[in-house]
Visitor: 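Below is one structure. I have some questions about it.
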Amino acid sequence: MNLEPTVLEGAFARLEPLSLGHVEALCEVGFDPDIWTWMSSDVDSPEKMEGFVRQALDAQEAGTAVPFATIERSTGRAVGSTRFGAIDVEHQRAEIGWTWIAPQWHRSGINREAKLLMLTHAFETMGCLRVELKTNANNERSRRAILGIGAVEEGTLRRHMISKGKRRDSVYFSIIVEEWPGVKEKLEESLRRPR
């Protein structure tokens with residue numbers, strides 16, 4: 001699998017390899033508590049944002065993640081972060097997750113295009129046979145969005161995680177390589193439609 005950090009660029013979004021150099025820009029947009037409602041920790045200070053980025057970079061160093069800063073292409077402004085994680089080279093699979101976008105960029109097309117860019121990279125460059133996505137079972141918006149990109153819901157892992165001191169059930173979704181051409185066509189069509 002090709003795990004080299006790279007820039008992925010579309011019409012609305014540019015995904016840049018995440019670095020500590022992004023921390024300040026992510027702090028400018030990343031402290032809204034709504035962003036962290038469904039995440040496993042809250043990020044509400046520059047120190048915590050740096051910790052979030054360092055954790056992603058440590059996973060990259062270990063060969064289990066490829067993290068990105070999500071950039072609004074028209075302005076060059078950082079608006080969030082996402083990553084490939086739980087990478088399993090032997091079984092040619094990766095998870096897309098750890099994703100957040102500042103609320104003012106919700107429904108802008110940036111997150112949907114970021115998923116298209118990442119899925120294209122996963123299946124056409126990294127050599128993935130399977131891409132996974134998961135979310136808190138109570139996060140209805142995220143569940144709808146994952147289904148909306150064409151992923152298949154596989155089931156719920158009960159008491160899967162401890163999130164902010166509470167037991168969390170996680171719903172898993174996947175896209176497999178045989179499904180990718182249809183998913184890609186659907187995503188490209190959705191990005192051509194006016195919002």
Visitor: If you round to the nearest 0.5 Å, how far is CZ of Phe31 from NZ of Lys48?
Guide: 10.0 Å

Visitor: For residues Val7 and Leu18: do they belong to one hydrophobic cluster (side chain heavy atoms under 4.5 Å, members Ile, Leu, Val, Met, Phe, Trp, Tyr)?
Guide: no

Visitor: May I ask you to decide if Ala11's main-chain N or O and Glu113's side chain share a donor-acceptor pair within less than 3.5 Å?
Guide: yes

Visitor: Once you round to the nearest 0.5 Å, how far does CZ of Phe52 lie from OG of Ser81?
Guide: 4.5 Å

Visitor: Return yes if a side-chain donor-acceptor contact under 3.5 Å exists between Ser174 and Glu132, otherwise no.
Guide: no

Visitor: Salt bridge (Lys or Arg N to Asp or Glu O under 4.0 Å) between Glu124 and Lys184: does it pass, once the steps are laid out?
Guide: CA-CA 11 Å; Glu124 299 178 16; Lys184 183 178 185 179; 2.9 Å; yes

Visitor: Side chains of His22 and Phe68: does their closest heavy-atom pair fall under 4.5 Å?
Guide: no

Visitor: With side chains defined as the heavy atoms from C-beta onward, is the minimum distance between Val131 and Arg93 less than 4.5 Å?
Guide: no

Visitor: Could you go through the side chain to side chain contact (heavy atoms under 4.5 Å, CB included) check for Gln92 and Cys128 one step at a time?
Guide: CA-CA 5 Å; Gln92 294 176 262; Cys128 288; 5.5 Å; no

Visitor: Of all the heavy-atom pairs spanning Met49 and Leu26, show the shortest one and how long it is.
Guide: CE-O, 3.6 Å

Visitor: Between His160 and Asp169, is the side chain to side chain contact (heavy atoms under 4.5 Å, CB included) condition met? List the steps.
Guide: CA-CA 5 Å; His160 178 236; Asp169 297 344; over 6 Å; no

Visitor: First locate atom CG of Leu8, then atom CD1 of Ile71, and finally report the distance between them rounded to the nearest 0.5 Å.
Guide: 12.0 Å

Visitor: Are Ser170 and Arg168 linked by a side-chain donor-acceptor pair shorter than 3.5 Å?
Guide: yes

Visitor: Nearest 0.5 Å, what's the CG-CD distance between Leu191 and Glu188?
Guide: 8.0 Å

Visitor: Which pair of non-hydrogen atoms, one from Thr37 and one from Asp34, has the smallest distance, and what is that distance?
Guide: OG1-O, 3.3 Å

Visitor: Would a 4.5 Å heavy-atom cut-off, applied to side chains only, mark His121 and Met126 as touching?
Guide: yes

Visitor: Hey, any chance Val43 and Met161 share a hydrophobic cluster, counting ILVMFWY side chains that come within less than 4.5 Å of each other, even indirectly?
Guide: no

Visitor: Is the side chain of Arg73 donor-acceptor paired with the backbone N or O of Gly10 at a distance under 3.5 Å, no angle test?
Guide: yes

Visitor: For the atom pair CD (Glu72) and CD1 (Ile110), what is the distance rounded to the nearest 0.5 Å?
Guide: 4.5 Å

Visitor: Would a 4.5 Å heavy-atom cut-off, applied to side chains only, mark Pro5 and Gln60 as touching?
Guide: yes

Visitor: So, Thr64 side chain and Ala59 main chain: donor-acceptor pair closer than 3.5 Å or not?
Guide: yes

Visitor: For the backbone of Asn138 and the side chain of Asn136, can you confirm whether one donor and one acceptor N or O come within less than 3.5 Å of each other?
Guide: yes

Visitor: Check the pair Arg130, Glu179 against salt bridge (Lys or Arg N to Asp or Glu O under 4.0 Å), reporting the backbone distance first and the verdict last.
Guide: CA-CA 10 Å; Arg130 169 186 169 88; Glu179 297 163 344; over 6 Å; no

Visitor: Does the side chain of Phe173 reach to within under 4.5 Å of the side chain of Glu154, using non-hydrogen atoms?
Guide: no

Visitor: Is it the case that one hydrophobic cluster holds both Trp38 and Ile96, taking links as side-chain heavy atoms less than 4.5 Å apart, direct or via other members?
Guide: no

Visitor: Would Glu189 and Arg192 count as a salt bridge (Lys or Arg N to Asp or Glu O under 4.0 Å) if you check the C-alpha gap in whole Å, the side-chain angles of each, and the deciding distance to 0.1 Å?
Guide: CA-CA 5 Å; Glu189 175 59 29; Arg192 285 192 290 268; 3.0 Å; yes

Visitor: Does Ile176 reach the side chain of Leu129, with side-chain heavy atoms less than 4.5 Å apart?
Guide: no

Visitor: Can the positive tip of Lys134 be found less than 6.0 Å from the middle of the six-membered ring of Trp98, inside 45° of the ring normal?
Guide: yes

Visitor: Roughly how far apart are Thr99 OG1 and Arg83 CZ, rounded to 0.5 Å?
Guide: 8.5 Å

Visitor: Using side-chain heavy atoms (C-beta onward) and a distance below 4.5 Å, is Phe123 in contact with Ile175?
Guide: yes

